[in-house]
Amino acid sequence: MNILLVDDDFYIVDTVKSMINWEKIGIDGIYTALDAPSARQIMEGVPIQIILCDIEMGKESGLDLVEWARRQGSGAKVIFLTSYADFSYAQKAVTLQSFDYLLKPVQFPKLEEQLKKAAEEISREEAYHANLEKWMTSQSALKESFWRKLLFEDADEKAISHWMDTFGVKYTEDQSFLYICISIYDYETIYESLERGMFDFLLGNITHEIFSGEGYEVQALFRTDSEDASQWNMVLCHTGGTGSKEALERLGTEYIEQIDRVMHSKVSCYVGNEKPLQELAGETKAVVRMQEDDVLGIRKVKFLSDYEEKEIPYVEPSFTVWEDMLLQGETERLLREISLYENGLEINGSCNAGTLKLFLGDFQQMLYSVLHKKSISMNRLMKEPEFSDYRDAIRSLHHCRRYTDRAVRKAAQYIRFVEQEKSVVDVVKDYIEEHLDEELTREDFAARVYLNADYLAKLFKQETGLSIGNYLVERRMAKARQLLSATARPVNQIAVEAGYTNFSYFAKLFRKTTGMTPNEYRKSLKNPLK
């Protein structure tokens with residue numbers, strides 16, 4: 001295990017290095033640095049598990065260093081040292097997931113105790129990951145491979161027998177199994193704060209604990225998509241031969257409540273009928289169809305035996321009225337109207353996957369029509385984070401509500417921006433003035449004002465009489481003239497500050513606009529700087 005000691009006081013680094021019983025803690029690699037750049041260089045070449053770091057270190061603080069390390073993906077345990085009991089330091093240390101925060105002068109027994117705790121926690125985490133990796137290659141993983149093939153590939157008795165031999169599992173012809181599709185909603189909150197392995201571990205523990213009751217045994221549990229945690233597949237068998245619908249409903253209800261309580265996620269369970277191995281693939285397809293069609297089933301246990309696939313007519317809302325509301329800036333009124341429509345779908349049960357998809361498609365077209373009338377780029381709007389969960393929106397009315405609310409609010413924000421008193425051309429001019437030394441494109445300007453790039457170019461020329469490109473050159477040349485007259489900086493440096501890395505091109509443009517080279521212009525001034 002490696003530790004990195006970082007402090008701009010050599011005496012402190014040397015003292016800590018000599019006063020701690022590193023062997024007792026279990027640390028055998030001790031690296032030291034007197035500033036942040038040196039520490040970064042070490043971390044780029046050596047795996048560091050613990051960082052003991054001073055906060056106040058001149059130009060770049062210990063907080064800056066750890067923030068950089070976190071961006072690089074470092075999970076090192078961090079203990080900060082500081083001479084000041086500053087609340088803002090402690091607050092920042094918390095956001096950087098520090099292990100501890102100690103005041104100088106440090107008490108070495110206390111420091112050694114904290115270092116030991118950090119080392120022990122690292123050892124536990126490493127053991128967990130090692131066990132997880134071992135589990136993934138164990139019989140459980142082979143068993144999952146068998147069930148994945150059986151559920152999603154059509155096969156005869158011979159193929160099933162071959163798979164059992166290949167993956168080392170054994171079932172008999174008279175055994176019956178039950179397929180359950182588990183839909184997980186709103187899992188993103190906990191999924192962002194946990195590693196994928198821990199998320200799967202928690203879900204697996206709860207699933208096995210709950211569904212190993214009422215005489216059932218969990219035979220398999222795995223994601224449908226290896227990267228998507230929203231849908232899981234479970235296979236149960238009953239030790240007594242056949243279970244009951246009532247027992248499954250009790251287990252499913254308890255499961256839904258436990259997932260909500262522990263993982264803060266909403267779950268629905270879609271339950272098939274008990275079938276022998278040869279018929280389970282067909283049953284799986286039927287259950288998945290039910291799950292995909294049911295967009296109202298949040299926190300429900302639903303049985304295939306109760307499901308009836310039926311056509312539901314799509315009743316289109318008053319999109320023309322909604323469009324007028326958005327154009328007139330009546331955002332809250334529009335949101336209430338959309339909510340009433342969505343509530344009606346749920347209350348009447350008049351919504352399935354097909355009708356929800358039609359509604360969302362028309363909703364998107366309504367937004368497109370409004371934005372087009374305002375010359376706002378729909379493509380740019382769709383790149384906003386509020387639109388990233390469209391795939392979830394077509395899965396359930398629950399997600400659809402959240403999506404339409406966010407989409408309307410973001411579209412209204414765009415519209416308010418382009419209608420503000422300060423014109424979009426003024427916004428672009430200000431942006432140019434603040435970024436003259438950077439590489440700029442029409443797309444950069446369009447992104448600032450949410451408009452289509454071609455429309456912005458037309459608008460800009462109408463208001464200024466210049467194209468955006470010519471205006472940019474004019475402002476850069478003005479800055480170059482100002483720097484030539486007010487400073488003694490070298491001409492090549494002025495070219496860079498005016499936004500040109502190619503000096504020859506800069507000199508050519510300067511001569512074209514002034515009739516002189518930069519040096520000639522400087523000499524022509526009445527009071528040139530010596």
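If you're wondering where the values come from, they're calculated on a predicted model, not measured in any experiment.
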J.: What distance do L5 atom CG and I20 atom CD1 have between them, rounded to the nearest 0.5 Å?
T.: 9.0 Å

J.: For K266, is there an ion pair with D260 - N to carboxylate O distance below 4.0 angstrom?
T.: no

J.: Is there a side-chain contact between E217 and F211, using heavy atoms and a 4.5 Å cut-off?
T.: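 Sidechains of F211 and E217: no contact.
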
J.: Does D154 pair with K285 as a salt bridge, N-O distance under 4.0 Å?
T.: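 Between K285 and D154 there is a salt bridge, with a charged N closer than 4.0 Å to a carboxylate O.
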
J.: Taking all atoms of both residues into account, what is the closest heavy-atom pair of G344 and S350, and its distance?
T.: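 So the two residues come closest at O-OG, 4.2 Å.
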
J.: Could you state the interatomic distance from CG (L52) to CD1 (I30), rounded to the nearest 0.5 Å?
T.: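 Here the rounded value is 11.5 Å.
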
J.: Is any side-chain N of the basic residue among E323 and K373 closer than 4.0 Å to the acidic one's carboxylate O?
T.: yes

J.: If you compare all heavy atoms of I50 against all heavy atoms of A76, which two are closest, and at what distance to 0.1 Å?
T.: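 Smallest interatomic distance, heavy atoms only, reads N-CB, 4.3 Å.
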
J.: Can you check side chain to side chain donor-acceptor pair (under 3.5 Å) on D294 and Y270, steps first, answer last?
T.: CA-CA 10 Å; D294 178 33; Y270 298 87; 2.7 Å; yes

J.: Could you walk me through whether V295 and H399 pass side-chain contact (heavy atoms from CB on, under 4.5 Å), step by step?
T.: CA-CA 9 Å; V295 296; H399 286 94; over 6 Å; no

J.: Partners of F177 by ring pair (Phe, Tyr, Trp, His ring centres under 6.0 Å), sequence neighbours excluded?
T.: W147, Y171

J.: For H162, look at atom NE2 and say whether over 12 heavy atoms of other residues, nucleotides or ligands are found less than 6.0 Å away.
T.: no

J.: Restricting to non-hydrogen atoms, name the atom on S265 and the atom on I259 that form the minimum distance, rounded to 0.1 Å.
T.: O-CG2, 3.5 Å

J.: Using the ring of F303 (Phe, Tyr or Trp, six-membered ring only), decide whether K245 places NZ or CZ under 6.0 Å from its centre and within 45 degrees of its axis.
T.: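 Here K245 passes the 6.0 Å and 45° test against F303.
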
J.: Identify, with sequence neighbours excluded, every residue that meets ring pair (Phe, Tyr, Trp, His ring centres under 6.0 Å) alongside W163.
T.: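 Ring pair (Phe, Tyr, Trp, His ring centres under 6.0 Å) list for W163, sorted by chain: empty.
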
J.: Between V169 and L142, is there a side-chain heavy-atom distance shorter than 4.5 Å?
T.: no

J.: Is the closest basic N to carboxylate O distance between D405 and R409 below 4.0 Å?
T.: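 Here D405 pairs with R409 in a salt bridge, since their nearest N and O are under 4.0 Å apart.
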
J.: For T224 and Q231, test the side chains for any donor-to-acceptor distance below 3.5 angstrom and give the result as yes or no.
T.: yes

J.: With a 4.5 Å cut-off on side-chain heavy atoms, are V6 and D54 touching?
T.: no

J.: Got a second to check how far M325's CE is from M366's CE, nearest 0.5 Å?
T.: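 Nearest 0.5 Å value for the CE-CE distance: 10.0 Å.
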
J.: Quick check for you: to the nearest 0.5 Å, what is the distance between S176 atom OG and L236 atom CG?
T.: 12.5 Å

J.: Side-chain contact test, heavy atoms from C-beta onward, threshold under 4.5 Å: evaluate it for R395 versus S183 and give yes or no.
T.: yes

J.: Heavy atoms, side chains only, cut-off 4.5 Å: are D392 and Y403 in contact?
T.: no

J.: Just do the salt bridge (charged side-chain N to carboxylate O under 4.0 Å, His left out) check on R336 and E332 with the steps written out, would you?
T.: CA-CA 6 Å; R336 286 194 297 271; E332 294 305 320; 5.3 Å; no

J.: Identify the heavy atoms of L356 and C400 that sit nearest to each other, and give their distance.
T.: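 Heavy atoms only, the tightest pair is CD1-SG, 3.7 Å.
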
J.: Kindly say whether L280 contributes a backbone atom to a donor-acceptor pair with the side chain of T284 at under 3.5 angstrom?
T.: yes

J.: Are the side chain of N2 and the backbone N or O of P47 linked by a donor-acceptor pair below 3.5 Å?
T.: yes

J.: For the residue pair M290 and K302, what are the closest heavy atoms and their distance?
T.: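 So the two residues come closest at CE-O, 3.9 Å.
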
J.: Quick test of your reading of the model: are E346 and R401 salt-bridged, counting only N-O distances below 4.0 Å?
T.: yes

J.: Do Y314 and E316 come close enough that some side-chain heavy atom pair is under 4.5 Å?
T.: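 Yes, close enough: below the 4.5 Å cut-off.
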
J.: Does the side chain of I298 come within less than 4.5 Å of S396's, by heavy atoms?
T.: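 Yes, their side chains come closer than 4.5 Å.
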
J.: Which pair of non-hydrogen atoms, one from E214 and one from H238, has the smallest distance, and what is that distance?
T.: O-NE2, 3.0 Å

J.: Would you call the rings of F359 and F363 parallel, tilted or perpendicular, where under 30° means parallel and over 60° means perpendicular?
T.: tilted

J.: Looking at CD1 of I122 and CD1 of I3, how far apart are the two atoms once the value is rounded to the nearest 0.5 Å?
T.: 8.5 Å

J.: With rounding to the nearest 0.5 Å, note down the distance linking CG in L345 to CG in L340.
T.: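 Taking CG in L345 and CG in L340, the distance rounds to 11.0 Å.
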
J.: In plain terms, say whether K117 and E113 are close enough for a salt bridge, that is, a side-chain N and a carboxylate O under 4.0 Å apart.
T.: yes

J.: Could you please spell out the steps behind the side chain to side chain donor-acceptor pair (under 3.5 Å) verdict for Y179 and N233?
T.: CA-CA 7 Å; Y179 171 74; N233 307 278; 2.5 Å; yes

J.: Would L221 and I182 count as a side-chain contact (heavy atoms from CB on, under 4.5 Å) here? Give the steps.
T.: CA-CA 10 Å; L221 177 69; I182 301 171; 4.2 Å; yes

J.: Could you please spell out the steps behind the side-chain contact (heavy atoms from CB on, under 4.5 Å) verdict for I51 and I79?
T.: CA-CA 6 Å; I51 301 172; I79 299 175; over 6 Å; no

J.: Is there a side chain to side chain donor-acceptor pair (under 3.5 Å) between D293 and Y307 once you walk through the steps?
T.: CA-CA 10 Å; D293 195 47; Y307 172 67; 3.0 Å; yes

J.: May I ask you to decide if G215's main-chain N or O and T239's side chain share a donor-acceptor pair within less than 3.5 Å?
T.: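 The answer is yes, because a donor-acceptor pair under 3.5 Å joins these two groups.
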
J.: Can you check whether L203's main-chain N or O pairs, donor with acceptor, with T207's side chain at less than 3.5 Å?
T.: yes

J.: Around atom CD of Q175, are there more than 12 heavy atoms of other residues, nucleotides or ligands at under 6.0 Å?
T.: yes

J.: Could you check if a side-chain atom of I160 sits within less than 4.5 angstrom of a side-chain atom of D156, using non-hydrogen atoms only?
T.: no

J.: Could you walk me through whether S305 and N273 satisfy the side-chain contact (heavy atoms from CB on, under 4.5 Å) test, starting with their C-alpha distance in whole Å, then the side-chain angles of each, then the deciding distance to 0.1 Å, before giving a yes or no?
T.: CA-CA 7 Å; S305 57; N273 300 299; 3.8 Å; yes

J.: Keeping S61 on the side-chain end and L63 on the backbone end, is there a donor-acceptor pair under 3.5 Å?
T.: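 Between the backbone of L63 and the side chain of S61 there is a qualifying donor-acceptor contact (under 3.5 Å).
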
J.: Do H372 and S369 have side-chain N/O donor and acceptor atoms under 3.5 Å apart?
T.: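 No donor-acceptor contact under 3.5 Å links the two side chains.
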
J.: Could you tell me whether E337 and R333 make a salt bridge, using a distance below 4.0 angstrom between a side-chain N and a carboxylate O?
T.: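 No, E337 and R333 are not salt-bridged.
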
J.: Passes side chain to side chain donor-acceptor pair (under 3.5 Å), Q413 versus R416? Steps please.
T.: CA-CA 5 Å; Q413 178 185 328; R416 285 195 301 272; 5.3 Å; no

J.: Hey, does the side chain of T355 reach the backbone of N352 with a donor-acceptor pair shorter than 3.5 angstrom?
T.: yes

J.: Taking atom types as modelled, is there a side-chain donor on E112 or N21 under 3.5 Å from an acceptor on the other?
T.: no

